Amino acid sequence: RHFSPLNYTHRLRWCLLLIFVTLSGWAQAEPVGTVMNVSGPLFAIKGDNSRKVLSVGSSVEQGDMLVTEEKTYARVKFTDSGEVTLRPNTQFKVNAYSFKQAEPKSDNVVLSLFKGALRSVTGAIGKRGNQDAYQLQTATATIGIRGTQFIAELVAGDAPAAVAAE
């Protein structure tokens with residue numbers, strides 16, 4: 001058989017493409033939290049708009065929008081030991097989350113409350129390194145959190161979100 005550089009290059013490209021496709025299928029988003037308690041239907045709407053049913057022990061990933069149904073409470077514990085308890089009929093999204101134990105300056109969490117209410121107990125993010133690293137966004141405001149506990153509730157109409165520190 002005659003060796004051709006063109007034939008070799010073509011085969012090499014196909015092999016590299018096959019390796020890339022295989023490895024990219026194994027890459028999964030790293031969990032940023034875990035569902036610790038849930039009292040009814042809890043869903044995660046993923047970045048590709050797919051809907052996944054969550055239960056105790058399910059992973060929560062950056063980009064997930066968590067949706068609780070009527071009469072559903074859910075508690076999520078994040079990797080920095082922070083916790084969020086979602087109340088019934090809530091839509092809550094983890095927009096950004098970065099926590100590395102050895103790198104406090106890179107801490108960052110940006111959460112959004114689209115509907116409903118939540119209670120949060122902050123973890124290491126916002127208590128070390130960058131004090132402004134923890135944010136909760138709503139349609140009308142972005143709230144920087146520096147305390148250890150707070151409750152946020154979106155109310156119907158044109159009223160802004162209510163926030164109370166505990």
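Counting from 1, the numbers follow the sequence of the chain as shown. Worth saying up front: this structure is predicted, and the values here are computed from it rather than measured.
From Leu66, atom CG reaches atom NZ of Lys52 across 11.0 Å, with rounding to the nearest 0.5 Å. Rounded to the nearest 0.5 Å, atoms CG (Leu86) and NZ (Lys115) are 13.0 Å apart. The OH atom of Tyr73 sits 12.5 Å away from the CZ atom of Arg119 when rounded to the nearest 0.5 Å. Note that NZ of Lys100 is 5.0 Å distant from OG of Ser98, once rounded to the nearest 0.5 Å. Considering CG of Leu118 and CD of Glu83, their distance stands at 13.0 Å, rounded to 0.5 Å.
Looking at Leu42 and Val35, their side chains come closer than 4.5 Å, going by heavy atoms from C-beta outward.
Side-chain contact, Tyr134 with Asn108: no donor N or O sits under 3.5 Å from an acceptor N or O.
Evaluation of the side chain to side chain donor-acceptor pair (under 3.5 Å) rule for Asn89 yields no partner, not counting sequence neighbours. Partners of Pro41 by side chain to side chain contact (heavy atoms under 4.5 Å, CB included), not counting sequence neighbours, listed by chain and number: Phe43, Glu69, Thr72.
Checking side-chain atoms of Thr68 against main-chain N and O of Thr90 turns up a donor-acceptor pair under 3.5 Å. Between the side chain of Ser59 and the backbone N or O of Pro31, no donor-acceptor pair lies under 3.5 Å.
Closest non-hydrogen pair, Asn95 versus Ser112, comes out as ND2-OG, 2.5 Å. Pairing each heavy atom of Ile125 with each of Asp80, the nearest pair is N-OD2, 2.9 Å. Of all heavy-atom pairs between Pro104 and Gln101, the closest is CD-O, 4.3 Å. The two residues Asn37 and Val56 have their closest heavy-atom pair at CA-CG2, 4.1 Å. Contact record, Ser120 with Val84: OG-CG2, 4.0 Å, taken as the closest heavy-atom pair. Shortest non-hydrogen contact noted between Ala44 and Leu54 is CB-CD1, 3.7 Å.
Aromatic ring centres of Phe78 and Tyr97 lie closer together than 6.0 Å.
Of the charged side-chain nitrogens involved, at least one lies within less than 4.0 Å of a carboxylate oxygen, so that Lys46 and Glu61 count as a salt-bridged pair. Note on Lys93 versus Asp64: no salt bridge recorded, every NZ/NE/NH1/NH2 to OD/OE distance being 4.0 Å or above.
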Worked verdict on Leu111 versus Gln137 for side-chain contact (heavy atoms from CB on, under 4.5 Å): CA-CA 6 Å; Leu111 309 171; Gln137 299 177 337; over 6 Å; no

Val76 and Thr34: CA distance, side-chain angles, deciding distance, side-chain contact (heavy atoms from CB on, under 4.5 Å) verdict: CA-CA 5 Å; Val76 176; Thr34 303; over 6 Å; no

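A single hydrophobic cluster is not seen to contain both Val67 and Leu136; linkage of ILVMFWY side chains at heavy-atom distances under 4.5 Å, directly or through other members, places them apart.
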